[in-house]
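Worksheet for the structure shown next.
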Amino acid sequence: MSDTLLVASRKGLFTVRQGREQRWRVDRAQFLGDHLSLVGADPRRGSWFGAFEHGHFGPKLVRSRDKGETWQEVGKPAYPEKPADLKDVDPMGREIPWSVKRIWALEPGSEPGDGRLWLGTIPGGLFTSEDDGGSWQMVRSLWDHPGRKQWFGGGADLPGLHSICPDPRDPRHVRVAVSCGGVWVTRDGGASWAASAKGMRAAYMPPEQAHVQEIQDPHLMVACRERPDALWVQHHNGIFRSVDGARTWTEIGQAGPSTFGFAVAVHPRQPDTAWFVPAVKDEARYPKDGRLVVTRTRDGGRNFDVLTRGLPQVDAYDLVFRHGLAIDGSGEVLAFGSTTGSLYVSNDGGNGWQCVSEHLPPIDALRFV
Amino acid sequence: MPRVSFTPNLRRHVDCPTAEVPGRTVREALDAVFAQNPRLRGYVLDDQGALRHHMQVFVGATQLRDRVTLGDEVPAGAEIHVLQALSGG
């Protein structure tokens, strides 16, 4: 079980550790005042990463090779020079800037011997690094794919690639998800890509376009580590599940108080077990009746437990962003952090939760390390 | 030669002392600074080399007009100020 959690917040990076009597507490605060949009880790090398969103100065990436004692700025992914005669606009005619606006996904490749890192960004570019994040190369095959022209921003102004799921059985097989751009799969290490969101439904589009794969809004996609053909998506319009490696998706109709939310976590060994943090759907975005709950299925989405022990059930208006729910490698320890700055950890698969703090800055992302 | 100075807020992230560099345009002067300090470039310019959205550059008291190619001319000995607007909570 992991005993260390990294927390990326609007005002700094926090390291949270489990101490005596299984109590979790904030152990270290770093980069106070700076906005971190993401934390990542590469267990193959022992490297930790933090992604900054300096409002004026642009996104930056730092790496630690000593478990967070010290951090160094490393190479920032950068878009290639945009051809002067190219008109690159989204379906609404808005210009897509060829410049990183946010680092929104960072995952190690799947093969222990493969040193590759994958990185996703707003406005949609995917990058890889072969040198522990020292330098980055854009995956042009996805950026240049004609289907990318259909991507657009949902709540954000621009599309963003936020989920990367390498297949542990084959480092050439990688699944990514984009808001709003659906799910994309490569089986040749990124040389070619195909849309893979069949079965998803977009209620925000006219009925005849609701099932177009390239305009779906998966808020987050996760894959079961030991059963990688089992994937879950918390979508703008509900919860979707795939049991065939993202080829087809099935909507889960009911899940406790709401099927709307941003985050999802899947158990690393049990593909039918997944957790969500629901909110009133999409124009409202707060916990139903002011009761903060986590929903959990253990049978592939047929039934859901509504988990409340240790969570506030009166006047709680926490929203959990897509990277704000994390699970450790054992599948027993979970944590979520909210826009209200509340942080909760469970040591028993979500049955009970302990409050670490209700006073952190708004939380963007968590990662067990 | 123009003198290029940077907002102190940038120094929290990257060392950027005031520099005297050759340059007939803002682009040439900034490129000369970035040649000595490559990491600074990404804090001031976006991936396409345009001035970042919330950054400002003044040549003396005159605000930069060409934020894309930074082609504004720089008189000999001018002060170039690279600034930002702090905002938000």
Side-chain angles (χ1 to χ4, degrees), chain A residues 9-12 30-36 50-63 71-86 88 95-103 119 121-125 127 134-138 143 157-158 339 341 361-362, chain B residues 4-19 25-59 63-71 80-89:
Chain A
S9 85
R10 181 70 180 78
K11 297 287 185 183
Q30 295 170 304
F31 302 113
L32 284 173
D34 292 327
H35 181 185
L36 284 103
F52 289 90
E53 184 156 307
H54 298 305
H56 298 80
F57 307 133
K60 302 289 179 287
L61 193 62
V62 293
R63 178 186 65 205
W71 297 84
Q72 292 79 39
E73 186 173 337
V74 291
K76 178 183 88 65
Y79 283 63
E81 185 176 350
K82 183 181 176 185
D85 57 349
L86 180 69
D88 190 7
E95 187 175 349
I96 301 290
W98 285 35
S99 193
V100 178
K101 299 297 182 186
R102 172 180 280 205
I103 295 170
L119 183 149
T121 65
I122 295 175
F127 296 80
S135 61
W136 297 90
Q137 297 76 43
M138 183 190 235
W143 187 245
D157 290 336
L158 297 163
T339 53
Chain B
V4 187
S5 63
F6 296 88
T7 166
N9 295 311
L10 244 175
R11 293 181 194 155
R12 288 184 63 220
H13 308 291
V14 56
D15 189 37
C16 46
T18 298
T25 64
V26 170
R27 168 72 68 190
E28 288 180 6
L30 288 181
D31 278 349
V33 176
F34 298 148
Q36 300 167 18
N37 191 352
R39 197 160 71 86
L40 178 58
R41 179 185 171 87
Y43 284 80
V44 178
L45 306 181
D46 69 16
D47 295 358
Q48 299 302 310
L51 190 65
R52 286 199 175 279
H53 189 61
H54 295 293
M55 299 294 286
Q56 297 187 63
V57 170
F58 284 81
V59 179
Q63 191 160 354
L64 181 76
R65 281 175 301 189
D66 177 4
R67 298 176 60 91
V68 176
T69 67
L70 317 183
I80 300 175
H81 306 283
V82 179
L83 304 173
Q84 61 163 122
L86 282 178
S87 59

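Each chain gets a letter, A, B and so on, in the order its sequence line appears, and its residues count up from 1. Basis for what follows: all heavy atoms, side chains included, without hydrogens, waters or symmetry-related copies.
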Given a strict heavy-atom distance threshold of 4.5 Å, which part of [X] is in contact with chain B: side chain, backbone, both, or neither?
{"X": "A/P97", "value": "neither"}
{"X": "A/K60", "value": "side chain"}
{"X": "A/K76", "value": "side chain"}

Residues passing the side-chain contact (heavy atoms from CB on, under 4.5 Å) test with B/H13, sequence neighbours excluded, are A/D34, A/H54, A/F57, B/Y43
Work out which heavy atom in B/D47 is nearest to a heavy atom in A/V100; give both atom names and the distance.
OD2-N, 2.9 Å
Where on B/L45 is there a heavy atom nearer than 4.5 Å to chain A: the side chain, the backbone, both, or neither?
neither
Results of salt bridge (Lys or Arg N to Asp or Glu O under 4.0 Å) for B/D46 - residues two or more places apart only
none
Hey, is CZ on B/R65 packed in by over 12 heavy atoms from elsewhere, all under 6.0 Å?
no
